[in-house]
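Below is one structure; the comments refer to it alone.
What you see is a predicted model, and the numbers here were worked out from it, not measured in a lab. We count residues from 1, following the sequence as given.
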Amino acid sequence: MGDSLFEGLPPPSHQQQNQEAEANDTTKTTKREPSTVPAPPKPALKSALKRPKPVEAEPDLEDGAAEKATASGKRLRFKTTTDASETQVIEAMKKIASHIKTPTKFSKASKLAIQLIQAGSVKPGTSEHFFAILEAAMSSTTSCTDPSVRADYHALFSAAQDAAECLNKKQKNQLATWTVRAVLANDFFTDDSFLFSKTAGQVKDAIADLPVATKDDDIEEAASLIDKAVTTDEYSKREDTCSGGEAEENKDVSDPFGLDALIPSTVKKDEKVKGKKDMPVKVREEEEEESKRFLKYQREALITCLEIAARRYKIPWCQTVIDILVKHAFDNVARFTSCQRDAIQKLWASIREQQTRRKQGKSVNGKLDVNGFEWLQQKYAGEKISIRHSVGGSGDRRASQWLG
């Protein structure tokens with residue numbers, strides 16, 4: 001046991017010893033020396049991947065400045081749009097006003113007018129020409145509720161509300177009247193029940209804001225209906241010619257030699273003073289006439305809305321809204337003139353007649369034309385409600401058998 005285990009074996013050769021020594025040396029070197037393989041690159045930041053913001057440069061840069069900008073890595077950006085001057089805008093508005101009267105050109109002309117509004121070209125200096133566009137649009141032979149131009153009228157006068165600040169009081173009143181005709185009246189042709197009821201609410205508010213009509217309003221309405229055949233232009237021309245001839249005759253008789261012009265008189269001074277005093281009176285009269293004219297056109301526009309809404313009474317989901325709207329107009333009939341009161345009373349009578357026919361199950365189409373509310377109202381009108389609520393609702397207690 002004390003003998004060596006390697007007894008009797010040949011001694012190791014020199015080659016094996018050299019190989020073992022080299023292997024030990026390589027393991028030591030691999031542990032101490034770092035590897036020569038390059039490390040993986042670090043991920044780039046997102047901010048480094050973004051392109052630098054371009055710098056705007058005017059198109060009239062010199063060659064040297066442009067070369068410096070390109071050398072520094074900055075890009076050039078040139079303006080592609082130019083701001084139109086006021087004279088150019090006025091000329092464009094005049095062209096639009098001349099073409100917008102034509103029904104076939106109305107769609108394109110109205111879109112150009114909307115572009116001017118959106119670009120901010122309607123200013124106090126150009127407001128008169130812009131109002132001329134709206135006036136020409138409403139003076140067209142085609143009605144603003146015509147199906148071919150209905151959407152274009154709605155878009156034009158809806159966009160015109162953004163430019164109303166540049167108009168004077170008289171023009172704002174006229175725009176409000178046109179808006180009732182072109183926007184509210186056309187909204188009654190919609191297929192959206194929510195928009196229909198919203199428009200009816202706006203018309204109700206406009207009716208409630210009207211003042212009570214007076215006898216003067218009825219007299220003026222009757223006079224305007226009678227005098228439609230007679231043109232006021234011819235009458236004014238005749239008065240001017242007659243007054244001019246009489247003035248010349250009086251002048252020849254009172255001052256045959258024309259000496260009154262050489263004599264200083266205080267009559268002209270007194271006339272100037274009276275003219276200055278009469279200025280506020282004239283302003284008040286003009287304002288009163290303008291308010292009367294605005295109320296007249298506003299009432300006519302609201303009557304148009306009521307008539308358009310009544311035409312859609314055949315549609316079941318419109319009937320309840322129209323009933324409420326026409327009933328509101330009938331309750332406020334004193335706010336309209338005599339002819340308009342007659343129209344509202346006839347309209348309310350026709351609505352009442354159609355309501356009774358619907359309740360009887362009769363309609364123009366020969367079908368049962370009763371809405372859901374009226375059907376439920378008829379169903380539960382003769383029902384008896386028991387103490388047990390849902391059990392035996394008709395009072396016959398038939399449900400007590402199967403309930404045990």
Under 3.5 Å donor-acceptor, Ser121 side chain and Ile117 backbone = no
Centroid separation Phe196 to Trp317 less than 6.0 Å | yes
Ion pair check, Lys108 and Asp152, cut-off under 4.0 Å | no
Does the side chain of Thr102 pick up a donor-acceptor pair with the side chain of Thr104 at under 3.5 Å?
-> no
Establish, yes or no, whether the cationic atom of Arg312 lies under 6.0 Å from the six-membered ring centre of Phe188 and within 45° of the ring axis.
-> no
Taking the side chain from Gln345 and the backbone from Asp342, do they hold a donor-acceptor pair closer than 3.5 Å?
-> no
What are the two closest heavy atoms between Leu306 and Ala329, and how far apart are they?
-> CD1-CB, 3.8 Å
Do other residues, nucleotides or ligands put more than 12 heavy atoms under 6.0 Å from Lys172 NZ?
-> yes
Minimum heavy-atom distance Val203-Cys305, with the two atoms named = CG2-CB, 4.3 Å
Could you pull out the closest heavy-atom pair between Ser140 and Tyr153, with the gap in Å?
-> CB-OH, 3.7 Å
Euclidean distance, Leu347 CG relative to Tyr313 OH, rounded to 0.5 Å | 10.0 Å
Using the six-membered ring wherever Trp is involved, compare the ring planes of Trp178 and Phe157 and label them parallel, tilted or perpendicular (cut-offs 30° and 60°).
-> perpendicular
Side chain Asp146, main chain Thr142, donor-acceptor under 3.5 Å = no
How many angstroms lie between CG in Leu325 and CD1 in Ile351, if you round to the nearest 0.5 Å?
-> 9.0 Å
Quick one: does Gln174's side chain have a donor or acceptor within less than 3.5 Å of a partner on Lys170's backbone?
-> no
To the nearest 0.5 Å, how far apart are CG in Asn332 and NZ in Lys327?
-> 9.5 Å
Would a distance-only check, ignoring hydrogens and angles, find a side-chain to backbone donor-acceptor pair under 3.5 Å from His328 to Lys204?
-> yes
For Val321 and Ala200, which heavy atoms make the closest approach, and how far apart are they?
-> CG1-CB, 3.6 Å
Donor-acceptor contact below 3.5 Å, side chain Arg341 vs main chain Val333 | no
Under the 3.5 angstrom rule, does the side chain of Asn186 hit a backbone N or O of Cys144 as a donor-acceptor pair?
-> yes
Short side-chain to backbone donor-acceptor contact, Ser158 and Ala155, under 3.5 Å = no
Measure from the side-chain N and O atoms of Asn168 to the backbone N and O of Gln171, and report whether any donor-acceptor pair falls under 3.5 Å.
-> yes
Backbone of Asp187 reached by a side-chain donor or acceptor of Thr190 within 3.5 Å | no
